[in-house]
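In what follows, a single structure is set out as structure tokens and then discussed.
As the structure is a prediction and not an experimental result, all values here were calculated from the model. First the proteins, then the strands, lettered A, B, ... as listed; each starts at 1.
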Number of protein chains: 2
Amino acid sequence: MTDVASPSRSAGRTANALREALEDDIAVGLYPPGTRLDEVSLARRFSVSRTPIREALIELSASGLVEIRPRRGAFVREIGIPRLIEMFEVMAELEAMCARLAARRMDATECATLLDAHARCSAAARAGDPDAYYIANEAFHDAIYEGSGNGFLAEQARELKNRLKPYRRLQLRVRNRVGNSLAEHQALVDAIQSGDADAAAHVLRSHILIQGERFNDFVASLAAAEKTRRARG
Amino acid sequence: MTDVASPSRSAGRTANALREALEDDIAVGLYPPGTRLDEVSLARRFSVSRTPIREALIELSASGLVEIRPRRGAFVREIGIPRLIEMFEVMAELEAMCARLAARRMDATECATLLDAHARCSAAARAGDPDAYYIANEAFHDAIYEGSGNGFLAEQARELKNRLKPYRRLQLRVRNRVGNSLAEHQALVDAIQSGDADAAAHVLRSHILIQGERFNDFVASLAAAEKTRRARG
DNA sequence: TCAACGCTTTTTGTATACAATTGACGATCC
DNA sequence: GGATCGTCAATTGTATACAAAAAGCGTTGA
């Protein structure tokens with residue numbers, strides 16, 4: 001019985017807290033793609049009735065993390081390889097757009113935030129702490145989203161990133177990605193600080209698309225994971 | 001008592017049909033931005049209970065067309081000018097991306113669809129039929145979304161366009177926008193047919209951003225409309 | 001032995017009942 | 001006369017009850 005005490009904002013709406021809790025559970029891998037989300041089980045688990053559970057599932061369905069098949073239940077959405085590639089393609093473009101705008105519009109405070117995140121990335125990389133790097137990396141990208149000065153764009157980028165989260169975990173384990181990633185971050189910081197919008201866009205697009213070229217590894221590992229999962233289930 | 005008989009897909013889910021109905025009503029202006037959407041009134045209007053109404057409102061809230069303020073009700077989202085500008089900025093980039101990909105990937109069938117839509121645009125423009133132009137224009141842009149070969153991108157583009165619909169109506173009335181629009185369409189078709197991805201992206205980005213430069217007119221008319229609305233209400 | 005049919009059980013979808021909070025109206029006090 | 005507090009009505013949020021559809025299961029027939 002997990003108590004959903006996360007106050008977050010918007011009290012008086014259990015469904016919101018539930019949505020966030022389920023989002024995390026899905027991102028973390030507690031509910032892997034394909035898992036059926038039973039309403040009564042979830043209701044028991046969170047000690048609420050089916051109503052707010054249903055509402056949370058509908059929200060998740062709208063955000064694309066969950067698929068509701070009418071009269072058949074809610075499932076953690078299984079995103080196939082082709083669609084994942086499509087999503088990364090869009091993600092790269094959104095991030096590139098953020099970078100371009102950030103190079104033009106970022107103010108000193110936002111730039112300081114970016115540099116701080118970059119420093120934390122470096123530290124985590126030196127320490128060889130992948131979890132810390134994951135956190136700092138997220139802060140770094142968030143700083144660029146915010147730095148775009150386009151709040152709507154930032155929202156879109158964050159939302160898409162969220163949808164990709166369940167699959168991203170598998171991805172960052174490959175090779176010595178961290179080292180290259182850090183170098184790309186540095187190039188991006190340089191481009192932004194020198195106000196070179198096109199360079200910033202190019203660097204960040206590549207930063208994402210390189211992940212796409214290293215995607216073969218990713219695809220392979222994902223396909224393998226899928227195979228073992230199917231074998232188990 | 002409006003009967004929500006729109007079967008669409010996903011029968012056994014009244015909420016979906018309700019969402020589409022409300023989407024249309026909002027897009028058409030039946031519920032202008034800021035309108036309060038009372039659950040019991042809607043339930044009466046569609047002859048259902050509050051439950052599916054609530055679910056539809058939650059979906060609309062997730063898509064951004066409606067804002068749910070906890071314990072205070074659902075309102076048609078009022079999008080301020082700054083945010084509208086942000087959204088158009090993103091829209092332009094998404095469409096540019098579609099165009100770039102379409103120039104590379106579009107096959108003969110998709111190209112035929114595009115040309116057909118273009119022809120219908122021309123016909124509507126010659127006939128001076130703005131409604132027909134609106135329809136054909138939508139088909140034209142849809143053809144480019146689909147032509148990108150990136151289904152996810154196409155979805156994102158359509159969804160954002162949907163969110164902008166309530167505000168777009170006001171916009172297309174300005175000047176002889178139709179003539180210029182048509183010329184830009186032609187340039188885009190040429191770029192796509194010659195496979196010039198950069199040109200296609202540039203043309204379509206401009207096509208949207210020109211609407212942004214003519215945005216002053218739009219802003220003015222919207223501010224005026226808002227003023228009269230406030231005066232009435 | 002396998003397949004198809006029908007029943008039962010489980011689960012979703014919808015309606016209704018209840019609780020709790022909000023907003024408004026009115027009365028009272030300064 | 002104005003402002004503030006209290007009470008009441010109205011509306012949302014949650015729980016439960018009921019209906020209908022789907023899936024699982026066993027039985028029966030070929």
Side-chain angles (χ1 to χ4, degrees), chain A residues 1-23 26 31 34-63 65-78 230 233, chain B residues 1-22 26 31 34-63 65-78 233:
Chain A
M1 191 194 313
T2 310
D3 223 32
V4 56
S6 148
S8 120
R9 55 187 163 73
S10 65
R13 265 189 85 61
T14 311
N16 269 28
L18 288 172
R19 179 181 54 74
E20 287 178 21
L22 290 173
E23 249 173 22
I26 291 171
Y31 298 123
T35 306
R36 175 197 172 81
L37 298 172
D38 182 53
E39 293 180 3
V40 296
S41 310
L42 290 173
R44 265 202 309 270
R45 179 181 157 205
F46 289 105
S47 309
V48 295
S49 81
R50 278 175 54 217
T51 309
I53 294 286
R54 274 182 71 83
E55 296 189 352
L57 289 175
I58 288 167
E59 287 181 39
L60 288 170
S61 158
S63 83
L65 227 68
V66 156
E67 185 183 355
I68 293 180
R69 298 205 272 272
R71 291 265 179 213
R72 320 190 104 185
F75 300 81
V76 180
R77 181 147 185 185
E78 280 190 284
R230 293 246 164 110
Chain B
M1 192 194 312
T2 310
D3 223 32
V4 56
S6 149
S8 126
R9 55 184 163 73
S10 66
R13 265 189 85 60
T14 311
N16 270 27
L18 288 173
R19 178 182 54 73
E20 287 177 22
L22 290 173
I26 291 172
Y31 298 123
T35 306
R36 176 197 173 81
L37 297 173
D38 182 51
E39 295 181 1
V40 296
S41 309
L42 290 173
R44 266 202 308 270
R45 178 180 157 205
F46 289 105
S47 308
V48 293
S49 82
R50 277 176 54 218
T51 309
I53 294 285
R54 273 182 72 82
E55 296 188 352
L57 289 175
I58 288 167
E59 287 182 39
L60 289 170
S61 158
S63 84
L65 228 69
V66 156
E67 185 182 356
I68 293 180
R69 296 205 272 272
R71 293 260 178 217
R72 320 190 102 186
F75 300 81
V76 180
R77 180 147 184 185
E78 281 189 282

- Heavy atoms only: give me the nearest B:Gly34-B:Phe75 pair and the separation to one decimal. O-CD2, 3.8 Å
- Shortest side-chain distance from A:Glu39, nucleotide among C:dG13, D:dT14, D:dT11: C:dG13
- When the distance from CZ of B:Arg13 to P of C:dA15 is rounded to whole Å, what number comes out? 13 Å
- Message: If you define the side chain from C-beta out and look only at heavy atoms, does anything of A:Leu42 sit under 4.5 Å from A:Tyr31?
- Response: yes
- Note on the structure: Atom CD1 of B:Ile58 and atom C1' of D:dT12 are separated, to the nearest Å, by 11 Å
- Item | Below 4.0 Å: OP1/OP2 of D:dT11 and any side-chain N or O of B:Arg72 | no
- Can you tell me the distance, in whole Å, between the CD atom of B:Glu55 and the P atom of C:dG13? 8 Å
- Item | From B:Arg50 atom CZ to B:Glu39 atom CD, the distance as rounded to the nearest 0.5 Å | 4.5 Å
- A:Arg69 CZ to D:dA23 P, in whole Å, measures 10 Å
- Task: Can you measure from CG (B:Leu60) to CD (B:Glu20) and round to the nearest 0.5 angstrom?
- Result: 10.5 Å
- More 5' along DNA chain D: A:Arg50 or B:Val40, using each one's nearest nucleotide? B:Val40
- Item | Which residue lies more 5' along DNA chain C, comparing B:Arg71 with A:Leu37 via nearest heavy atoms | A:Leu37
- Query: Quick one: B:Leu57 CG to C:dT14 C1', roughly how many Å, whole number?
  - Reply: 16 Å
- With a 4.0 Å cut-off on heavy atoms, is A:Arg54 in touch with a base, just the backbone sugar-phosphate, or nothing at all? base
- Message: Checking contacts here: which listed nucleotide (C:dT14, D:dT11, D:dT16) is nearest the side-chain heavy atoms of B:Asp38?
- Response: D:dT11
- Note on the structure: The nucleotide from D:dT12, C:dA15, D:dA15 with an atom nearest the side chain of B:Arg36 is D:dT12
- Regarding the side chain of B:Pro52, the nearest nucleotide among C:dT14, C:dT11, D:dG13 is C:dT14
- Task: For A:Asn16 and D:dG13, give me the distance from atom CG to atom P, rounded to whole Å.
- Result: 10 Å
- B:Phe75 CZ - C:dT22 C1' separation (whole Å): 12 Å
